[in-house]
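Comments concern the structure below.
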Number of protein chains: 2
Amino acid sequence: MVKTAEHTVGERAEQAMYSFVDAYDRDYGAAATAFDLTVPQVCVLVRLRQPRTMGSLAVELECDASNITQIVNRLEARGLVSREEDPIDRRSRLLRLTREGLRIVRGFERAFTFARDAVGRLSPRETEELARLLRKARGPG
Amino acid sequence: MVKTAEHTVGERAEQAMYSFVDAYDRDYGAAATAFDLTVPQVCVLVRLRQPRTMGSLAVELECDASNITQIVNRLEARGLVSREEDPIDRRSRLLRLTREGLRIVRGFERAFTFARDAVGRLSPRETEELARLLRKARGPG
DNA sequence: TATTGTTATACTCTATAACTATA
DNA sequence: TATAGTTATAGAGTATAACAATA
């Protein structure tokens with residue numbers, strides 16, 4: 001590994017990754033807070049742009065179904081999400097954004113500017129190259 | 001913005017960022033869980049490789065001091081961190097990793113392989129370029 | 001009087017286990 | 001009997017406010 005003055009190239013790259021991920025996550029959290037939402041609540045809401053069941057949310061978010069129940073309870077109490085019975089399988093609940101829920105999701109997406117800003121700081125060529133390198137660095141999986 | 005078949009370059013780049021950040025965060029969380037630690041606990045422990053006060057931790061982690069108190073209480077109860085009185089300012093507590101705490105931090109750092117693996121998937125030239133683009137994309141701040 | 005840290009309180013997330021109602 | 005979802009419970013993070021000890 002190529003040594004620079006103090007650090008290896010790999011160490012400097014790892015530091016750059018950490019700094020980028022940290023900035024991304026902070027902006028995401030700040031945008032959620034601006035709408036009085038938690039990050040898990042936003043994760044649910046943005047997925048509900050397409051209606052889904054409790055179970056599919058649990059799979060996608062890789063968390064327990066009882067967890068989803070609690071998060072959706074709070075979103076429903078705030079009038080952002082509705083539960084419908086599925087007439088085909090009456091055990092199942094189909095979740096939808098309410099009009100207000102959609103408004104909040106759109107507001108969040110406007111408020112979360114980090115990724116757009118990042119693209120804005122790069123030339124089109126650099127943007128393509130960053131996307132390629134991120135995908136290669138992330139690897140399969 | 002240049003259009004491809006379905007998405008703009010910017011949208012594809014934003015998707016690549018999201019996917020990278022998500023993979024980074026998951027691996028970080030999984031490494032913490034492997035040592036029966038939460039992410040906030042790890043954030044405290046890794047900073048304590050250099051001894052610090054409660055207050056400086058609160059500033060660095062941008063959270064309330066009472067929050068730090070609770071996290072440190074749990075780490076101290078597990079014997080991973082010690083509180084010392086500062087003889088100069090007796091209001092202040094100097095926190096240190098115990099021997100066991102240091103062992104856990106090292107174990108975590110070995111278990112958190114995502115950033116190292118990412119570097120391993122790139123050539124040295126690509127690694128340098130990724131670091132440069134991440135820093136430029138992140139911007140000042 | 002200001003600062004460092006703690007305690008008390010309340011809300012949220014998360015996981016496990018036990019439960020209901022369907023299938 | 002198995003599946004979708006809920007309820008009960010407990011540990012942990014987070015923020016605010018009130019507090020103690022010290023400066």
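Following rounding to the nearest Å, A:Arg90 (CZ) and D:dA2 (C1') show an atom-to-atom distance of 17 Å. Rounded to whole angstrom, the span from the CG atom of A:Leu37 across to the P atom of C:dC13 amounts to 10 Å. Counting to the nearest Å, the C1' atom of C:dT16 and the CD1 atom of A:Ile68 are 16 Å from each other. We find that CZ of A:Arg74 is positioned 10 Å from P of C:dT14, with the value rounded to whole Å. Rounded to whole Å, atom P of C:dT14 lies 13 Å from atom CG of A:Leu57. What separates CD of A:Glu85 from P of D:dT6 is a distance of 11 Å, to the nearest Å. The CG atom of B:Asp64 sits 12 Å away from the P atom of C:dT6 (whole-angstrom rounding). Regarding A:Asn67, its CG atom lies at a distance of 15 Å from the P atom of D:dT7, rounded to whole Å.
Using a 4.0 Å heavy-atom cutoff across all strands shown, A:Ser92 reaches sugar-phosphate atoms only and no base atom. Within 4.0 Å (heavy atoms only), A:Ile88 reaches sugar-phosphate atoms of the nucleic acid but no base atom. Counting non-hydrogen atoms under 4.0 angstrom, A:Gln41 reaches the backbone sugars and phosphates but no base.
Of the candidate nucleotides C:dT14, D:dT6, C:dT6, C:dT6 has the atom lying nearest to any side-chain atom of B:Arg83. Taking every side-chain heavy atom of B:Asn73 into account, C:dT7 is the closest of C:dT7, D:dT6, D:dA15.
Within a 6.0 Å radius of CZ in A:Arg83, more than 12 heavy atoms belonging to other residues, nucleotides or ligands are found.
Side-chain atoms of A:Ser66 come within donor-acceptor range of the base of C:dT16, with a qualifying N/O pair under 3.5 Å. Put simply, the side chain of A:Gln70 and the base of C:dT14 share a donor and an acceptor less than 3.5 Å apart.
Side-chain contact annotation: B:Ser56 with B:Thr53, donor-acceptor N/O pair under 3.5 Å present. Using modelled atom types, one finds a donor on one side chain and an acceptor on the other under 3.5 Å when comparing B:Arg138 with A:Ser19.
Toward the 5′ end of DNA chain C lies the nearest nucleotide of A:Cys63, the other residue of the pair A:Cys63 and A:Asp89 mapping further downstream.
Residue B:Arg93 places no side-chain N or O under 4.0 Å from the OP1 or OP2 atom of C:dT4. Put simply, B:Arg91 has no side-chain N or O that comes within less than 4.0 Å of OP1 or OP2 on D:dA21. For B:Thr38 and D:dG13, the shortest distance from a side-chain N or O to OP1 or OP2 is below 4.0 Å. Residue B:Thr69 places no side-chain N or O under 4.0 Å from the OP1 or OP2 atom of C:dG5.
A search for ring pair (Phe, Tyr, Trp, His ring centres under 6.0 Å) contacts involving A:Phe112 returns A:Tyr24, A:Tyr28, not counting sequence neighbours.
Residues B:Phe20 and B:Phe114 place their aromatic rings such that the two centres sit under 6.0 Å apart.
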